[in-house]
Every structure is written in structure tokens, then in C-alpha cells.
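A short write-up of the structure that comes next.
Letters A, B, ... mirror the listed sequences (proteins, then strands); counts begin at 1. In what follows, every heavy atom counts, from backbone to side chain, and hydrogens, waters and symmetry copies are set aside.
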Amino acid sequence: MADVLVIGAGPAGLAAAAAAREAGGEVTLLDSSDVLGGQYWRHLPDSRPAERERLLHHGWDTFTALRRRLESDPHVRIVTSAQVWAIERDTGVPAVVHVLVGPPDAGGRQRLALRPDAVVFATGAHDRTLPFPGWDLPGVFTGGAAQALAKGERIAVGRRVLVAGAGPFLLPVAASLTQTGATVVGVLEANRLSTLVKGWAPRPWQLASTHAKARELAGYVANHVRHAIPYRTGRAVVAAHGTDRVTSVTTAAVDAAWTPIAGTERTVEVDAVCVSHGFTPRLELAIAAGCALTPDRFVMTGPDQQTNVVGLYAAGEITGIGGVDLAMAEGSIAGWAAAGGPPDDKAVRDGRRRRAAYRAFAARLEAAHGIRPGWTGWLDSHTIVCRCEEVSFGRLCGAADATSTTSLRSLKLSSRAALGICQGRMCGRSVEEILAGRVAGGRLRDEVVADQRPIAVPIRLGDLAARRDPEPPTASPSQSPTPNETE
Amino acid sequence: MSAYLRSAAEDPIRRRDGEPVAISVDGERLTGVQGQSIAGIILATGRLDWRVTSAGSRPRGVFCGIGVCFDCLVTVNDEPDVRACLRRAVHGDVVVQQHDPLPTPVEGSIDG
Ligand SMILES: Cc1cc2nc3c(=O)[nH]c(=O)nc-3n(C[C@H](O)[C@H](O)[C@H](O)COP(=O)(O)OP(=O)(O)OC[C@H]3O[C@@H](n4cnc5c(N)ncnc54)[C@H](O)[C@@H]3O)c2cc1C
Ligand code: FES
């Protein structure tokens, strides 16, 4: 029986684990969180039960059924609070996966090294927020933060909140805020209506089989109408103001390339602003394992979701941003194949059909809502671009102009941008776009380095040094790993 | 006007919050319920920041809320660099604001 390791217990990873079982595999499912569900089904912990939690979710019954199925299966080992921090290549196995099990960032967590027959990467994505003046003020959040705090904690990030950026994700963010009792003063989509229409309208029949998505969107629109939330296109937050927390923001109309249009500025009083312009896939583990990327920098996969490395599969947002349904379709194909399920079995045919339908949806998402290059027009020389190292736009441009190199790596070293503790997760791609805009020809030599993080999270030196940890995991409610896996 | 915790009594999802949890944050006693993150307990009081940046001495709190930005770092029971948005509060936790005078060398972090 193939030993399948699934990394990430979001929609893609859950579907992969279930499909791998159906194909007869022995499954280990890991997630750094202490609950299953990933970003989409982020929910309250068991210690805070809610009778009607499903009100906050789409597909809640799908999730709870999957969870029940996996938790009750003796051939599925679920390890939560399990942070994968490194991946190595070795002979005889597709990868050696290094894990720390225990409370986030705690010293002395239990170390595991797993050597499965196949791995499914389902590590998802995080918000991408473009820098703007004042985005480092407390009270400026990513849309994902507002979402995670609302669903996972029942915290509203503010009472009077503006939601801005790009993409349909802004709608569930607004819905979660209103469900937590906040007033959403508006939702601003930077792309213009004409761009949205061009992106979404062609060949509508391709969308016919994506009605789950349509229903979900219709739900958000109904929420908008009910709460009378204005939705504006072609407008962006171009600055946030306040001394030590946000008190207002400036919004402006932007053209089709997202360049702000002078004279259209307006000030809006808020106590919080949630800004997301898209998503960045969490690629570091797949890259460290040797997986190749596509030109648009997602994990490259074949028809059965296998990467270029035999035995390594990828599913969900790390292969492209397409939402929960695509993530689940890919997960089911990947899990099945990883466990050695026959490729033409009818069990995967449905997954393939759904994948094709939702990929068409994903392509439109990018065409309609993708980031356009004019955003650098709302930066001023003092705008912090790298939040960790506090590198301003002015300093970054100075570093780029002072050197004639086209190497991202050396530009980062000379400016310190993207070298802080988040390892460039927040600003890496923005730094890259700013720098690429300033070098002749607009292309950097080594852009892939922005996604390379051989150590996926900072870990304590003591943990690196400790070869064996006698303590069992403390925070993980799941089964203890077998001793021969501890290092 | 600021961040807040939706009260269980008003929450349309009919939530029952569990055991109370008390932690100390910069010497102040804050109470929450079991299962809340340290960030959640602080945000529920309306406070938005609990870290001071190294270079600019600027206030920071939650930005990404899911463990990727590292803006929310705190020292918990003498252990620095704990992401407050991820770590669930444990009764008796002593949380202290972090202000590292120089950029913290990131152990194990490799440029790239
Ligand atoms: C904060 C947030 C909220 C979102 N909310 C919505 C929403 O309401 N509606 C919507 O349509 N879309 C939402 N999205 C988009 C969302 O990413 C997708 O719809 C969907 O969740 C993707 O599924 P996935 O399985 O690919 O990834 P995810 O759901 O992101 O799951 C990935 C999982 O991998 C785990 N993981 C990652 N790296 C590691 C590691 N190194 N070690 C161990 N575990 C790891 C993570 O903890 C996570 O649980 C949200 C995204 C974010 C970032
Ligand atoms: S808020 Fe980003 S890591 Fe905690």
C-alpha cells in the first residue's frame, strides 16, 4: 500500500486525503494549524462551539462530512500543529519531509522526519497586498486577516471598515465583517467595469458547469444588497492616514492600468481598512523538493497533478488561483494518483470534469481581476515597501538606480528589501515588480529566487541542534507519531 | 471605535464560549476565553498594536492574521518571536511587547 503524505488540510488537501484512501493508500495528513479546513473553512475551535456555525461558511456540510470521514478512518493519520519546515531530496524516496509538532513558534517541539512514497503538496496561498502610503499603520489589514479573525475568532477588525483591492475575494471579506457586526462602508475593486466585463463575458457557456461558484457569488451579492454596501469599480485605496492607527484613507479612481487619476481623491473616515489585491501561492516546499514552476509561477503539474518530480503531486491554490471547487477537484485527482489509483478509473473522471470547468473560471478570474502595473503610481518615496526591514520606495529605487545589475538577488542585498523575517512573503513580488520596472528591458535575471525559502519558517537554533526530543507533542490532539520517525 | 469581539449573546451563530483564560500583556491582566489567540485577546480590548519596529520604532499588530507576515511577534513566557495571531492563549501566559533595537537575525533564514 502506498504511503501518501498530504501537506495542508485545506479544501485541496482534504480532498486529496480522501481520494488517496479510496485508491487504497495509507494516508498521513499534516497541517500547521491545530484544526482542519485551511483558509476557506477556517472555524472556531472545539472549545467555542456554535450551533449555527454553518452560517459563516459555504459548503460547510461538505467540510464536516470530509472531516468525519478522515477522522474515523484508521488508515488516515492526522497530525495537526505540524509545521513542515524543510524538505530534502534523498535517494529511494521522492522527498524527506521535516516537521515540528507543537504550539506555533514554541521551542522544544517534537521533530519528525517522514519518508513517504508520495507527497501531495496542498499548501494554499496567502493574500497579496500591494504597498501604499500608510499600509504599515495598525488598523490596515489584509482581507485574509479580517476573514480569519471573523471566522476563526469572531473578532471584527473595526466598526467602520473599508474593503479594497481586487478580486471576488473582497465579497466574502465584506460578508464576514457584516456577520461580525461591523459596518462595511464600501468595497472598492481596482479593475474597471470594462475590464471586468471583458474578463468575465466571453464564451459564457464555459461557465455553465460552475454553478456552485455562481451560487456562492450570488450569496455575497445578496449580502451586499441587504447591508446596502456600495461596490465601486476602478477605485483604489491610495493612502492610509493616522499617527499610530488608521483614522482615514484616501481613495482615488484608477485607470485600466491602475494608475491613480489626479483630482479624483476622496477621504473616507474608517477605523480599519482591509486590502487584498490577489493571492500568492505558498511555493517554498514544492520548490525545495525540486518541483518546476509554470511561467506564471505556480507549481507545474501534469494531467494527474503530478509535478515534474515522480511521486510529488500538487493541488489547490499552489497550482493556480481558482477557488475552493478547483482546489477540491485537483486534490481528488492528486490523491487518487498519489496512492496509485488507475488513471482511467471512473472515480477520477468526475474530478477531471470539475477541474476543467473551474480552470476556465480561474482564467477569467485572472483576466478580470489581475494586478495591473500602474499601482506603483500611488507610491511616494517614503512609502514603506518591505514591512520587515522598513525599506522605503525611495531607498529601493536608489539601490536599483545605483547598480546596473539585473539580478534580483543582488538588488535585494543592496537595498535589504525582502530579506526580513517574513522572508519576502509580503513584499517579495512587489519588490520584484518595482525593480523590474527600473532595469533596462524590464526583466530580472533570477526572479524565481523570490519564492525560494529553503527553511520554510524561522525555527529556533536549539531545535535545529536537538537530535531527539523526549517530550511527546503537547498541543496536538491527534495520534502521536510512531517513535521511529522522530530524529 | 476599533476592533472588538462579537459578544456570544449577540452572535447569530449561537456561540457558546468556554472557559475563561487570563493572560498578562505588558503587565496588564487581560481576560478572554479558551481557544482565542493571543492576538484575538488583545484585539478584543480595542488595542491594535503590540510591537515596535526596529528601524523606525513604529507600532505594529496584526496584518495578515494567518502567520505569514510576522508583524504580530510577541515574547511569550520569555520566548521571543512568537506569532500572536497563531498562538492560542494559555491561562497564565505572560506576554511582553517586542522591540528589538536592531533587526533580529533570523535563525535558519536564508536569503533568497
Ligand atoms: C486568510 C484567507 C481567507 C480566505 N477565505 C476565502 C473565502 O472566504 N472564500 C473564498 O472563496 N476563498 C477564500 N480564500 C482563498 C482560499 O485560499 C481558497 O479558496 C482555498 O482555501 C484554497 O484551498 P487550498 O486547499 O488550496 O489552500 P488552503 O485552504 O490555504 O490550505 C492550505 C493549508 O496548508 C497549510 N500549510 C501551508 N504551509 C504549511 C506548512 N509549511 N506546514 C504545514 N501546513 C502548511 C495551511 O495551514 C493551510 O491549512 C482565502 C484565503 C486566505 C489566505
Ligand atoms: S499577523 Fe501576520 S503573522 Fe501574525
Check your understanding: At a heavy-atom separation under 4.5 Å, does Arg47(B) approach chain A through its side chain, its backbone, both, or neither?
Key -> backbone

Point to revise | Side-chain donor/acceptor of Glu390(A) to backbone N/O of Thr53(B), under 3.5 Å | key: no

Practice item. Flag the pair Leu86(B) / Gln83(A) as yes when at least one side-chain heavy-atom distance between them is below 4.5 Å, and no otherwise. Key: no

Check your understanding: Quick one: are Ile66(B) and Arg42(A) in side-chain contact, heavy atoms under 4.5 Å?
Key -> yes

Exercise for review: Give, as side chain, backbone, both or neither, the part of Asp11(B) having an atom under 4.5 angstrom from any heavy atom of chain A.
Suggested key: side chain

Review point. Which bit of Arg425(A) is near chain B, if near means a heavy-atom gap under 4.5 Å: side chain, backbone, both or neither?
Key: side chain

Practice item. Compare all side-chain heavy atoms of His126(A) with those of Cys64(B) and state whether any distance is below 4.5 angstrom. Key: no

Check your understanding: Can you tell me if Arg154(A) uses its side chain to pair, donor with acceptor, with the backbone of Arg6(B) under 3.5 Å?
Key -> no

Point to revise | Region of Thr129(A) in contact with chain B, defined by heavy-atom distances below 4.5 Å | key: side chain

Exercise for review: State, yes or no, whether a side-chain contact exists between Pro80(B) and Arg460(A) at a heavy-atom distance under 4.5 Å.
Suggested key: yes

Exercise for review: Sort by residue number and list every member of residues 26-34 of chain B having a non-hydrogen atom under 4.5 Å from chain A.
Suggested key: Val33(B), Gln34(B)

Exercise for review: Tell me, yes or no, whether the heavy-atom count around Glu269(A) atom CD, taken from other residues, nucleotides or ligands under 6.0 Å, exceeds 12.
Suggested key: no

Practice item. Decide yes or no for Phe63(B) and Asp127(A): does some side-chain heavy atom of the first lie under 4.5 Å from some side-chain heavy atom of the second? Key: no

Check your understanding: Can you find a pair of side-chain heavy atoms, one from Pro103(A) and one from Arg87(B), that are under 4.5 Å apart?
Key -> yes

Practice item. Side chain from CB out, backbone as N, CA, C, O: work out which of these in Ala182(A) comes under 4.5 Å of a heavy atom of chain B, or both, or neither. Key: both

Practice item. Please state whether the side chain, the backbone, both or neither of Asp136(A) comes within less than 4.5 Å of a heavy atom of chain B. Key: both

Check your understanding: Going by distance alone, is a donor N or O of one side chain under 3.5 Å from an acceptor N or O of the other, for Ser37(B) and Glu153(A)?
Key -> yes

Exercise for review: Go through the atoms of Arg54(A) and report whether side chain, backbone, both or neither lie under 4.5 Å from a heavy atom of chain B.
Suggested key: neither

**Study point:** Region of Gln179(A) that comes under 4.5 Å of a non-hydrogen atom in chain B
**Key:** backbone

Check your understanding: Tell me, side chain or backbone of Asn77(B) under 4.5 Å from chain A's heavy atoms, or both, or neither?
Key -> neither

